[in-house]
Amino acid sequence: MPRLAKAVAALPTRAELLVTEAYPGSTAHSVLLIRPDGHLVTVMTGCRPTELYAYADLARGGPPSAVQDRVPH
């Protein structure tokens with residue numbers, strides 16, 4: 001759990017880590033990435049920070065620098 005908490009804290013956006021005993025349709029040690037609007041982005045098995053960051057980028061529309069590049073100045 002400490003590795004997952006560290007990975008979540010390192011995300012370049014506000015994130016919250018919730019731990020539950022069970023989630024419908026998932027197996028033990030599943031990591032679910034859910035957008036603020038409740039849309040399920042992905043389900044991963046175990047803590048793989050690189051994969052978590054890639055899916056978080058996908059959910060945001062790209063890596064932080066790509067998202068900032070699209071914002072009008």
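Note that the numbering runs from 1 along the sequence shown for the chain. Keep in mind that what you see is a predicted model, and the values were worked out from it rather than measured.
Contacts of A59 classified as side-chain contact (heavy atoms from CB on, under 4.5 Å), with partners at least two apart in sequence or in another chain: R35, V41. For A15, the side-chain contact (heavy atoms from CB on, under 4.5 Å) partners are V8, L11, not counting sequence neighbours.
Across all their heavy atoms, A10 and Y53 have their closest contact at CB-OH, 3.4 Å.
Within the model, atoms CG of L17 and NZ of K6 stand 15.0 Å from one another, a figure rounded to the nearest 0.5 Å. How far CG of L33 is from NE2 of H39: 9.5 Å, rounded to the nearest 0.5 Å.
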